[in-house]
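Reading through the structure tokens given below for one structure.
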Amino acid sequence: MTFSLRPTYADTRTAELVDRLRDYLDGELAEHEREHGITPATRLTRADLEPVWRRSRELGFYGIHLPEEYGGQNLGYSQLAALKEEIGASGRVLAHSVLGDMGGPLRAGDILRHATAHQLETYLLPLIRGERACCFSLTETDAGSDVRSMRTVAVRDGDGYRLTGHKVFSSAGPFADFAIVVARMAGTGEHEGEKPEFSAFLVDLDSPGCRVEDGATPMSGEHIESDIVLEDCHVPAANLLGEEGNGMRIALGRVTTNRLLHCPTVLGATRRALQLTLDRTRTRQVSGKPLLMLQAIQHKVADMATDFYAARSMTYAALAALDEGREVPAEAFMCKLFVAESAFRILDEAVQIHGKEGLTQGNEIEYLFRKIRMFRILTGTSEIQRNGIAKLLAFQH
């Protein structure tokens, strides 16, 4: 893999998809955002997202990773990663809706194989078509990384269940029709040493006893989170995903794959920051010369580019191994750790080089810095990645 801020691909199919995606992101979608005045600080509504879902579906991007039987193109992991990188590199606010990350097929995760015919017909196929949207509700105030401390409880009740609890950071919650909720089965894990059992449910967000509230605004400033409050909310037995007690396995299914697939989007955003920084160093004049003529700046951008190249190379190497059917748990931990930490270092230097503009709200570098900083915590903190790496190393022979 060679270094480039506008990668090309030897695989013809990947190259064609990337070119078409770039054309849509830089052309039609960019124009749509300009016409509607959409910025990262815009409080998005369902009406803002639905046209993007529909158009992306028409172009073949929405749910493109899915098997052909669901209208996708059965992409390999490396191919999907190349598209996710372009999403991150585009600078488009609504780019998260093009492949289905915001409430769509990518948000639903790997639950298709656990779904019944009823669940497919009522929830998941409309989701794939862009007619419905979902959010994933696992996190609680005191159960983030320690998901087994969750307090949301499911009680068996005749022909269904009663759910009570309070979920936070449900991304895409403001736009969703239903949530994938993980709850502890009542009567399990209540005594010391007893293992709790968790189940996963499809919960209609307009159900009696279910309330969607504004969630905390993350440091990125995006209004894409909700709290899901459940108060004795009845869920039909037909909405149980998989079997009772299998909820955590469903929720954390394909953990290695998902951990890796978060990295390309961050790499794309980092790539954009690096390009913006190089543009600035070429045009910003200091004492009559471009900023890039200063050796101190040259060394900074050299380190930034090297960090980016290393992070991108290791990510795609791990994805290629995954495409070959190999297991890569240690590599996934390492990629998440290194991409998160490298991206943060690169954005920190980008802010430094941009000076006061990099500190100013409304400047894209300032926004990217806040967004990238979150990745050191989201989807597993850097400390958790180190724990995972060390644990796997300890069992190697």
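The first residue in the sequence is number 1, and the count goes up from there.
- Comment: E86 does not engage K84 in a salt bridge, judged by the lack of any side-chain N to carboxylate O separation of less than 4.0 angstrom.
- When side chains are defined from C-beta on, L44 counts as touching H96, because their heavy atoms get closer than 4.5 Å.
- Residues E349 and H354 are not in side-chain contact: their nearest non-hydrogen atoms beyond the backbone lie 4.5 Å or more apart.
- A salt bridge does not link E140 to R151: none of the charged side-chain nitrogens sits closer than 4.0 Å to a carboxylate oxygen.
- Remark: D348 does not engage K300 in a salt bridge, criterion side-chain N to carboxylate O under 4.0 Å.
- A ring-centre distance under 6.0 Å is found for F369 and F344.
- More than 12 heavy-atom neighbours from other residues, nucleotides or ligands sit within 6.0 angstrom of CD on E69.
- Nearest approach of A343 to T270, heavy atoms of both residues: CB-OG1, 3.3 Å.
- Under a 4.0 Å N-O distance rule, the pair R132/D204 qualifies as a salt bridge.
- Heavy-atom contacts from other residues, nucleotides or ligands closer than 6.0 Å to CD of Q275 number more than 12.
- Here E58 pairs with R55 in a salt bridge; the nearest charged N to carboxylate O distance falls below 4.0 Å.
- With respect to the salt-bridge test (charged N to carboxylate O, under 4.0 angstrom), the residues E341 and R345 do not qualify.
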